Amino acid sequence: GAADEDAARRTMEVGADDLLPKPLDVAQLERKLIAAGRVTALHRRMHDDARQDTLTGLGNRLRLAEDLEVLCGRVQRYGHSYCVALFDVDDFKGYNDDAGHLAGDAVLRAVARALDQQIRTGDALYRYGGEEFLVLLPEQPIEAAGLAADRLRAAVEALGLPHPAGGVVTVSAGVAALSDDACKPDELFEIADQALYRAKTGGRNRVELH
């Protein structure tokens with residue numbers, strides 16, 4: 001209603017993206033809504049891109065941190081529980097050294113697809129870094145999470161991707177469960193990593209529970 005330039009400037013300074021003075025020009029409003037729709041779509045795409053791993057299309061560490069914040073809220077308010085499974089592609093450095101990084105990237109994409117196709121509704125998969133993938137498994141005891149992790153391990157092995165060193169590409173996994181209602185993801189990831197280390201040193205292509 002205040003159509004002077006000072007009021008318009010103050011309106012923009014406090015957060016408006018655009019404004020129209022009265023009396024309303026419908027055609028002008030329609031043009032501005034078209035532009036606003038494009039800007040909104042761009043913002044949404046930028047938001048999603050910032051939370052997506054560019055190689056695999058999975059959620060990245062930023063998406064994981066945001067999802068954990070929500071999950072920890074449920075843990076603290078309602079006593080919910082969750083497990084994590086940390087996967088690592090076995091001898092991925094050897095694969096890259098022998099087959100090249102482009103082939104290594106293709107393997108990571110294939111492994112990501114296999115894992116993503118096997119997780120249950122409600123679980124979430126992320127590229128944790130390098131050749132590591134992490135699965136959040138809400139509302140599962142560690143025994144059930146271990147079975148789920150072994151199903152995922154088997155799905156990667158079933159791809160039958162030849163490894164230059166012999167055999168096929170496989171993954172190892174470490175599984176850990178939240179031990180109390182104090183949601184401490186970093187500690188949980190650490191013990192999952194310890195279990196993963198045992199899987200690696202125990203022969204690879206296997207799952208270890210903490």
Side-chain angles (χ1 to χ4, degrees), residues 44 46-93 107-109 111-157 170-210:
R44 186 177 296 114
M46 291 171 63
H47 179 278
D48 292 342
D49 288 348
R51 288 153 180 81
Q52 187 178 64
D53 175 60
T54 55
L55 178 65
T56 64
L58 301 178
N60 60 15
R61 295 287 285 267
L62 176 57
R63 173 62 59 81
L64 173 61
E66 292 177 343
D67 291 350
L68 279 169
E69 186 176 354
V70 175
L71 188 56
C72 283
R74 294 173 182 163
V75 168
Q76 292 160 357
R77 282 196 298 273
Y78 308 117
H80 289 193
S81 62
Y82 70 96
C83 295
V84 299
L86 185 60
F87 291 83
D88 186 87
V89 180
D90 295 323
D91 192 22
F92 185 68
K93 182 179 184 303
V107 162
L108 291 178
R109 286 192 291 267
V111 169
R113 284 195 300 271
L115 296 175
D116 195 39
Q117 288 168 0
Q118 288 295 321
I119 62 171
R120 65 171 191 170
T121 302
D123 296 342
L125 173 66
Y126 310 85
R127 187 179 180 193
Y128 194 60
E131 65 270 26
E132 288 189 325
F133 301 89
L134 186 139
V135 181
L136 286 180
L137 303 126
E139 303 301 323
Q140 285 201 48
I142 192 165
E143 294 81 7
L147 292 174
D150 196 59
R151 186 180 72 251
L152 297 175
R153 177 207 60 76
V156 173
E157 185 179 19
T170 59
V171 294
S172 299
V175 182
L178 190 68
S179 59
D180 53 43
D181 60 359
C183 190
K184 300 175 181 177
D186 289 343
E187 294 181 10
L188 192 58
F189 295 164
E190 176 61 29
I191 60 176
D193 190 58
Q194 293 170 13
L196 172 60
Y197 178 77
R198 291 197 301 275
K200 290 285 193 181
T201 57
R204 300 177 179 172
N205 192 25
R206 56 187 294 167
V207 175
E208 286 285 342
L209 310 184
H210 175 75

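Everything numeric in this text was worked out from a predicted model, so none of it was measured.
For the atom pair F87 CZ and L115 CG, the distance stands at 6.0 Å (nearest 0.5 Å). For the atom pair F133 CZ and I119 CD1, the distance stands at 12.0 Å (nearest 0.5 Å). With rounding to the nearest 0.5 angstrom, the CG atom of L188 is 9.0 Å from the CG atom of L68. Remark: I191 CD1 to L178 CG distance equals 8.5 Å, nearest 0.5 Å. Put simply, CG on L86 and CG on L196 are 5.0 Å apart, with the number rounded to the nearest 0.5 Å. Atom CG of L147 and atom CD of Q140 lie 9.0 Å apart (nearest 0.5 Å).
Nearest heavy-atom pair across T56 and L108 is CG2-O, 4.0 Å. The two residues A114 and V156 have their closest heavy-atom pair at CB-CG2, 4.3 Å. Taking every heavy atom of both residues into account, P185 and C72 meet most closely at CG-SG, 3.9 Å. Contact between Y126 and L58 at its shortest, heavy atoms only, is C-CD1, 4.2 Å. Taking every heavy atom of both residues into account, A50 and L62 meet most closely at O-CD2, 3.6 Å.
Under the side chain to side chain donor-acceptor pair (under 3.5 Å) criterion, Y128 pairs with no residue at all, not counting sequence neighbours. With sequence neighbours excluded, no residue forms a side chain to side chain donor-acceptor pair (under 3.5 Å) with E143. Annotation: salt bridge (Lys or Arg N to Asp or Glu O under 4.0 Å) contacts of E157 (sequence neighbours excluded): R153. Listed by chain and number, the residues in a side chain to side chain donor-acceptor pair (under 3.5 Å) with R120 are D123 (sequence neighbours excluded).
Annotation: salt bridge (charged side-chain N to carboxylate O under 4.0 Å, His left out) contacts involving residues 53-66, sequence neighbours excluded, comprise R51-E66, D53-R127. Identified under the salt bridge (charged side-chain N to carboxylate O under 4.0 Å, His left out) test for residues 187-208, with sequence neighbours left out: D88-K200, D90-K200, R206-E208.
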